[in-house]
Amino acid sequence: MPDPVVTRFAPSPTGHLHVGGARTALFCWALARRAENDGSGGRFVLRIEDTDQARSSDAASAGILEDLAWLGILWDDGPEFSTHQEGRASSPPGVIGGDSRGVGPYYQAQRLDLYNEHIAKLIEADAAYPAFESPDELEAKRKEAIDAKVGYRYDRSALDIPRDERMARLAKGDDHVVRLKMPDEPITVHDQVLGDVTVGPDEFDDFIIRKRDGFPTYHLAVVVDDALMGVTHVLRGQEHLINTPRHIALQRALGFDTPTYAHMPLIFNPDGSKMSKRDKDKAAKKACKDAGVDAPPVASVSGEAFKKWMKDKTRQLPSDQLRELAAAVGVTLPEIDVEDFRRAGYLPGALCNFLALLGWNPKQKTADGKDLETFDNAFLAEHFDLKGIGKGQAKFDRAKLLSFNSDAIGRLDDAEFARVWRDWAGAYDPELVSKLGDDKIALFAGAVKPRCKTLADGRGVVQFALVDDDGYEFDGKAVHKAMLKGDAKGLEMLQTFAGALDAIDPWDAPTIDAAVEAFASEHEVGMGKIAQPIRVAVTGAGVSPPLGVTLAVLGRESVQARIERCLAFAEQA
RNA sequence: GGCCCCAUCGUCUAGUCAGGUCCAGGACACCAGGUUUUCAUCCUGGUAACGCGGGUUCGAAUCCCGCUGGGGUCACCA
């Protein structure tokens with residue numbers, strides 16, 4: 001039996017979950033599930049890397065948990081999380097995470113003793129040493145190196161201090177960092193995606209493993225935790241490739257096994273730039289600049305904050321403020337974080353499917369001989385493998401994602417669609433729910449579904465039912481085309497039909513459709529001559545869902561009132 | 001700039017490891033038709049790629065070298 005596979009996703013809680021991170025998490029999850037399905041055992045660990053005290057926040061880590069759970073990427077070991085959501089039929093009660101193997105806690109800030117224990121061992125063995133230079137001193141040396149156009153490396157001047165003295169200063173509590181003595185030999189990473197990558201010793205200096213504030217650096221924490229948590233496979237973005245030799249050196253110094261590594265290509269914007277959280281601020285800044293906005297257009301942003309933000313390319317606004325501001329200047333922010341896609345009305349399954357294909361390929365055919373592209377997370381759990389990960393960098397193609405999303409929506413049956421649409425609106429468009437109610441949402445489902453690429457699109461389709469009977473404008477062109485053009489037959493038909501409304505019983509979509517058809521043949525006109533005038537009358541425009549549904553949702557009284565209002569309008573025109 | 005990674009239609013990719021079945025297949029987008037009372041859905045067809053230059057070989061998208069291009073990384077961030 002093959003060895004059990006333990007993977008982990010280890011985000012730092014400095015903001016929402018980025019789609020790149022989501023893909024990494026998905027693959028890590030899938031690899032563990034796959035191993036489990038193969039009978040060799042698999043666990044997926046979620047660990048929060050909050051060793052940067054200044055940038056980490058509880059809100060961010062809660063958001064990441066939420067985003068992962070929404071995507072259906074559920075962890076075995078890690079922070080406990082309730083998947084139940086109030087008011088959502090689609091999320092049954094349940095708690096995931098926990099520490100069944102006893103290798104927690106899963107927040108690094110709670111593991112300081114563990115790190116210090118290992119750092120002490122390293123110092124004891126002379127594999128690491130305290131260094132007492134101040135950040136300013138180091139900065140000066142770094143600048144010197146840059147001016148001389150040579151690569152900067154730490155010069156090991158701390159080692160000039162006799163060992164006894166170093167240890168004495170350490171014991172006394174002098175401000176210091178701890179550095180690892182890097183071995184003077186090349187290190188090879190056996191990467192499952194890229195093959196062997198060897199980096200020479202000149203590329204590394206004695207990097208810091210514990211900061212002045214007593215917190216470990218990422219390098220130390222990640223190596224200690226992965227080893228203590230039994231992680232066997234590390235999947236991460238290619239930006240970490242160059243860190244891996246450092247981690248291997250650390251593992252050797254600590255006597256740990258080296259896990260299997262797989263570094264995957266990064267995800268880019270269509271213009272080739274790296275897909276970054278800052279893109280949202282960038283878009284908003286540009287819109288403000290183009291519109292000549294020089295004071296904050298919303299109350300939630302202070303004048304000073306706005307000014308600073310506009311001036312500094314790297315400065316970011318809190319996401320809710322940014323959204324408000326974007327709405328005020330009328331710009332649509334690009335979706336970057338998982339939360340953005342959720343808000344925009346994407347289905348988690350479609351996002352996962354698309355993300356999985358961005359860098360991985362199942363290399364399977366469908367029944368009709370085409371490349372298999374549509375699959376769910378359960379498929380990944382059964383078929384995901386490291387071999388299918390590509391090497392090339394990928395651009396994030398929104399059009400294709402959109403297509404995946406509308407296909408995924410199309411595969412829902414009407415009842416399922418009504419449920420996810422309602423759940424989505426409950427969170428992001430409460431007015432829709434309050435005005436329509438669950439009944440009309442269900443009534444609309446079949447008509448709205450094929451007209452939606454995202455759940456947010458639904459609003460446009462049902463807009464006519466959201467307004468009062470006198471709360472919409474008639475499109476003059478549409479009225480003319482449907483009713484007044486030529487012999488004004490449309491207008492006549494509409495008048496006649498208005499008088500026949502009471503005879504339709506029951507008032508539901510099939511009966512209404514049948515009645516309209518009967519009306520057309522009785523009066524010897526094509527469907528277009530009667531359906532279009534009615535459509536324009538009750539919605540104001542020539543485009544709407546099928547007539548039966550449109551009228552059924554509005555209700556008989558509304559239809560009557562709207563037709564009468566339209567008749568009055570047409571006579572004036 | 002040093003080091004490292006990558007390179008097939010506009011985009012995501014299959015094919016590359018084990019060279020011929022590939023004048024390169026699929027998907028999205030785009031274009032043209034068709035179905036439909038509107039819109040959308042849906043159906044059919046089409047345009048479109050092996051970055052460049054050298055090798056190796058009877059034969060290269062596939063192997064080798066160089067070039068070009070893209071990317072990553074050089075923090076007391078992760």
Side-chain angles (χ1 to χ4, degrees), chain A residues 10-14 49-52 54-56 131 133-135 138-139 142 146 149-153 176-179 189 191 193-195 197-200 202-205 207-213 215 217-219 221-222 237-243 245 263 265-266 268 270 272-274 354 357-366 369-374 387 390-404 406 410 447-453 457 461 478 482 513 516-517 520 526-532 534-536 539 541-547 550:
Chain A
S12 58
T14 56
E49 308 220 324
D50 53 354
T51 55
D52 183 346
R55 296 202 304 153
S56 299
E133 296 91 344
S134 71
L138 290 174
E139 193 46 49
R142 191 173 290 124
I146 291 168
K149 293 191 172 165
V150 291
Y152 170 77
R153 297 176 64 209
H176 70 282
V177 300
V178 178
R179 289 178 181 271
V189 182
D191 190 90
V193 173
L194 302 170
V197 178
T198 302
V199 184
D202 289 352
E203 299 309 313
F204 302 103
D205 62 0
F207 63 94
I208 293 170
I209 59 176
R210 186 170 66 200
K211 300 178 262 188
R212 190 163 301 257
D213 66 5
F215 275 67
T217 58
Y218 155 75
H219 303 295
V222 95
Q238 231 172 70
E239 77 264 27
H240 286 295
L241 180 61
I242 204 72
N243 287 329
H263 290 91
L266 273 13
F268 295 88
S273 63
K274 194 175 166 185
F354 176 74
L357 236 24
L358 217 56
W360 181 77
N361 195 287
K363 303 183 199 293
Q364 290 190 25
K365 297 283 182 189
T366 59
K370 296 180 171 176
D371 291 359
L372 177 70
E373 285 204 331
T374 304
K387 269 183 79 176
K391 294 181 178 186
Q393 49 211 11
K395 285 175 186 156
F396 194 94
D397 182 0
R398 276 155 209 290
K400 186 153 181 170
L401 204 215
L402 207 53
S403 165
F404 270 49
S406 37
V448 172
K449 198 177 66 170
R451 291 169 176 77
C452 277
K453 287 186 190 298
D457 290 344
V461 180
D513 277 330
V516 174
E517 258 176 74
M527 279 295 281
K529 271 280 177 268
I530 177 60
Q532 277 309 93
I534 300 173
R535 191 187 311 279
V536 172
T539 70
V543 175
S544 90
L547 202 58
T550 301

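Order of the sequence lines sets the chain letters (A, B, ...), proteins ahead of strands, with each chain counted from 1.
Every residue two or more places apart in sequence or in another chain that forms a side-chain contact (heavy atoms from CB on, under 4.5 Å) with A:Leu547 is listed here: A:Asp513, A:Val516, A:Ala531, A:Ile534, A:Arg535, A:Leu551. Every side-chain contact (heavy atoms from CB on, under 4.5 Å) that A:Pro245 has, sequence neighbours left out, goes to A:Ile187, A:Val189, A:Val199, A:Phe204.
For the residue pair A:Thr550 and A:Ser544, a side-chain donor N or O sits within less than 3.5 Å of a side-chain acceptor on the partner.
In this entry B:rA32 has B:rU44 as its Watson-Crick or G-U wobble partner, both defining distances falling under 3.5 Å.
Counting heavy atoms from C-beta on, the side chains of A:Lys370 and A:Lys365 never come closer than 4.5 Å.
Heavy atoms of A:Pro545 sit under 4.0 angstrom from at least one base atom. Using a 4.0 Å heavy-atom criterion, one finds that A:Pro11 contacts no nucleic acid atom at all. Among the protein residues, A:Arg153 comes within range of no part of the nucleic acid, since none of its heavy atoms lies under 4.0 Å from any strand. Within 4.0 Å (heavy atoms only), A:Asp202 reaches no atom of the nucleic acid at all.
One can find a donor-acceptor pair under 3.5 Å joining the base of B:rC12 and the side-chain atoms of A:Lys400.
To the nearest angstrom, P of B:rG15 lies 13 Å from NZ of A:Lys391. The separation between A:Glu373 atom CD and B:rU13 atom P is 10 Å, rounded to whole Å.
Across the interface with RNA chain B, nearest-nucleotide mapping of A:Gly151 and A:Lys363 shows A:Gly151 to be the residue nearer the 5′ end.
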